[in-house]
Q: 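Below you will find the structure I want to go over with you.
Chain identifiers are assigned alphabetically (A, B, ...) following the order of the sequence lines, protein sequences preceding nucleic acid strands; residue numbering begins at 1 within each chain.
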Protein chains: 2
Amino acid sequence: MRNINPDLRVIRTKESIRYALVELINEKGFDAITVKDITTRARINRGTFYAHYQDKFDLMTRCEEEIMLDMSRLTKQNYPSVIAALEIDSQTLTPFSFTVSLFEYLQINSGFMKAVLGPRGDLSFQTRLKKFMWETLYGNNPNAFVKEENLLVPGQYLAAYMGTAIIGVIQQWLESGGKESPQEMARILTTISVNGPFFAAGLKK
Amino acid sequence: MRNINPDLRVIRTKESIRYALVELINEKGFDAITVKDITTRARINRGTFYAHYQDKFDLMTRCEEEIMLDMSRLTKQNYPSVIAALEIDSQTLTPFSFTVSLFEYLQINSGFMKAVLGPRGDLSFQTRLKKFMWETLYGNNPNAFVKEENLLVPGQYLAAYMGTAIIGVIQQWLESGGKESPQEMARILTTISVNGPFFAAGLKK
DNA sequence: TGTAATAAACAACAGGGTGTTCATTATTAT
DNA sequence: ATAATAATGAACACCCTGTTGTTTATTACA
């Protein structure tokens, strides 16, 4: 557990580091960033950075951790009812509203999310998010979306398909400026997932 | 244009460099690799590396270029007939065999592909492949899969959905050892794409 | 097979980022 | 006001980079 009451200076420092990180990802990509870049941009002594983080990867991981924690909370809150709704009567209202909440969350954190999920962002985060999706859909919990019973294809691939597709749509949304509302994005995602890409393309009646 | 008839020594050198690259990606991830790592592993003088490539990113790009060229060729050869078949009678045999060819190609190059598409691979390649998929599905060519006419959702998102889903399934396949045959993988992908994830999960009649 | 061409090896270089340490200064909490 | 502590600044050895010039080994070809 972290100290409940951190010094004001610590808060300032960490905030400016993170702000600099996002800026620099957008400018030159996470790959190309050095600790020196970050501290210069954050107008902070390099030694101060090392007082808080081991290196830029550690910094990245810490930031990601918070996001993943939020995502977990959001999922724990909403996911069970989604599964229940689908089991009982295959109605898609509950998955829809869950997706709305997801996009609302992404919208709030769009600065960080766009940078880190973008083409010059951080692969390890994208991997992590993908894994989270996969496990949520297919994980060992009995309450997953993918149930071995009536599958037409192996569950691992169905989960990979859906998980990466969702992330792909999120990336496209963030990359193109996040113009659509969370409601519209949820409509798009559920339409494709429920009816299938071919149907959504107008190729199937 | 490159010299048609390169020195034997050049061939050997480049080959050992690429072999080392793949090994090292698997061991420590592309991020963590240094030029020194590569040359030590390839048992090559560091200066020799710089005679062929600017840096590790240049090396990576050159490798990726060849793959992308193959993918383009494969697509040019098969894609038009896929689109035609879908337009005429919505039969899915042609997309199926195209997908088989794709997985056959991936299988041949699985060493490199697994490394570079893996969780510690190269984000820039994954981005590039995603873009290729997106443009193939939605690009400005009139013969794309996604046609503005009967769309239920914006084309950019449908293309992002399908493109990333395909890549996700490929990654899952490579990551889990490539056990399924290209035919089986094509069946899986077309089943989900044509009927939709919900149907493939057994949630829809 | 001998020879000219050239790739690879070797060595040395300045330059820059890393991660650490320690003394000094500034800010915070109380 | 003061004790605690975070941030600064400077210095350090270390490692990797990218380049250059010289020497050695291999290759292509006549």
Side-chain angles (χ1 to χ4, degrees), chain A residues 1-63 66 115 120-124, chain B residues 1-64 66 120-124:
Chain A
M1 278 293 117
R2 208 69 115 312
N3 190 354
I4 284 299
N5 216 6
D7 200 306
L8 262 183
R9 289 167 292 181
V10 176
I11 296 172
R12 267 205 300 271
T13 301
K14 290 197 171 182
E15 216 170 72
S16 59
I17 287 178
R18 291 183 183 210
Y19 193 80
L21 175 67
V22 171
E23 274 190 349
L24 286 166
I25 290 177
N26 289 324
E27 284 172 29
K28 45 157 65 181
F30 183 66
D31 263 8
I33 295 176
T34 67
V35 172
K36 196 167 184 292
D37 287 335
I38 297 169
T39 55
T40 304
R41 178 64 60 97
R43 291 203 248 135
I44 272 189
N45 192 275
R46 202 162 56 85
T48 307
F49 178 92
Y50 288 108
H52 294 289
Y53 307 103
Q54 281 177 26
D55 48 37
K56 70 164 179 170
F57 300 102
D58 184 40
L59 165 62
M60 194 74 238
T61 306
R62 301 281 191 84
C63 295
E66 289 178 22
R120 319 182 71 188
D122 180 26
L123 180 60
S124 84
Chain B
M1 279 291 118
R2 208 67 113 312
N3 190 353
I4 283 300
N5 215 7
D7 200 306
L8 262 184
R9 289 166 292 183
V10 176
I11 296 171
R12 267 204 300 270
T13 301
K14 290 196 170 183
E15 215 170 71
S16 59
I17 286 178
R18 290 183 183 210
Y19 193 80
L21 174 66
V22 172
E23 274 190 349
L24 287 165
I25 291 175
N26 289 324
E27 284 173 29
K28 47 159 65 185
F30 182 67
D31 263 9
I33 296 177
T34 66
V35 171
K36 195 166 184 291
D37 287 334
I38 297 169
T39 55
T40 304
R41 178 63 60 96
R43 290 202 248 137
I44 274 188
N45 190 274
R46 201 163 56 84
T48 307
F49 178 94
Y50 287 109
H52 294 290
Y53 306 103
Q54 282 178 23
D55 49 36
K56 71 165 179 169
F57 299 103
D58 183 40
L59 165 62
M60 194 74 239
T61 306
R62 301 280 191 86
C63 296
E64 293 170 357
E66 290 178 20
R120 319 181 71 190
D122 179 27
L123 180 61
S124 83

Q: Rounded to the Å, how far apart are A/R46 CZ and D/dA10 C1'?
A: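 That distance rounds to 11 Å.
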
Q: Surrounding NZ of B/K28 (heavy atoms of other residues, nucleotides or ligands, distance under 6.0 Å), is the total greater than 12?
A: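 Yes, because the 6.0 Å sphere around NZ of B/K28 holds more than 12 heavy atoms from other groups.
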
Q: Ignoring hydrogens and geometry, is there a side-chain-to-backbone donor-acceptor pair from A/K14 to A/H52 under 3.5 Å?
A: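 No; judged by distance alone, with no hydrogens or angles, the pair does not exist.
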
Q: Just how far, in rounded Å, is P of D/dA6 from CZ of A/R43?
A: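 So the CZ-P distance, A/R43 to D/dA6, works out to 23 Å.
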
Q: So where does chain B start and stop touching DNA chain C, 5' to 3', when the test is distance under 4.0 Å to a non-hydrogen atom?
A: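 Both ends considered, the range comes out as C/dT6 to C/dC10.
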
Q: A/N45 has an atom CG; how far is it from atom C1' of D/dA11, in whole Å?
A: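 It is 12 Å, rounded to the nearest whole Å.
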
Q: Whole Å only: how far is the NZ atom of A/K14 from the P atom of D/dT5?
A: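 These atoms are roughly 16 Å apart.
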
Q: Calculate the interatomic distance between B/F57 atom CZ and D/dT17 atom C1'; express it in whole Å.
A: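 Distance check: B/F57 CZ to D/dT17 C1' gives 12 Å.
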
Q: So, taking the atom named CZ in B/F49 and the one named CD1 in B/I17, what distance separates them when rounded to the nearest 0.5 Å?
A: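 Between atom CZ of B/F49 and atom CD1 of B/I17 there are 6.0 Å.
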
Q: Which nucleotide in the list D/dG9, D/dT17, D/dT27 gets nearest to the side chain of B/V35?
A: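 So the side chain of B/V35 is nearest to D/dT17.
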
Q: How close or far is atom C1' of D/dA25 from atom CZ of B/R12, stated in whole angstroms?
A: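 One finds 11 Å between C1' of D/dA25 and CZ of B/R12, rounded.
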
Q: Output the single nucleotide from D/dT26, D/dA7, D/dC16 whose closest atom is nearest the side chain of A/T48.
A: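 Nucleotide nearest to A/T48's side chain: D/dA7.
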
Q: Rounded to whole angstrom units, what separation is found between the NZ atom of B/K56 and the P atom of D/dG18?
A: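 Nearest whole value for this atom pair: 10 Å.
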
Q: Are A/Y50 and A/V35 close enough that some pair of their side-chain heavy atoms sits under 4.5 Å apart?
A: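 Answer yes - side chains close enough.
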
Q: Crowded around B/E27 CD? As in, over 12 foreign heavy atoms under 6.0 Å?
A: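 Yes, the 6.0 Å shell around CD holds more than 12 heavy atoms from other groups.
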
Q: Which comes earlier along DNA chain D counting from the 5' end, the contact point of B/L8 or that of A/H52, where each point is its nearest nucleotide?
A: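 This one resolves to A/H52.
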
Q: How long is the line joining NZ of B/K36 and C1' of D/dT19, in whole Å?
A: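 After rounding, the gap between these two atoms is 17 Å.
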
Q: When all nucleic acid strands are considered with a 4.0 Å heavy-atom cut-off, which category describes A/D7: base, sugar-phosphate, or nothing?
A: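 If one applies the 4.0 Å heavy-atom cut-off, A/D7 turns out to touch the sugar-phosphate alone, with no base involved.
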
Q: Just wondering, are more than 12 heavy atoms of other shown residues or ligands nearer than 6.0 Å to OH in A/Y19?
A: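 12 or below, so no.
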
Q: Quick one: do the B/D37 and B/T34 side chains pair a donor with an acceptor below 3.5 Å?
A: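 Present: a donor and an acceptor within the cut-off.
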
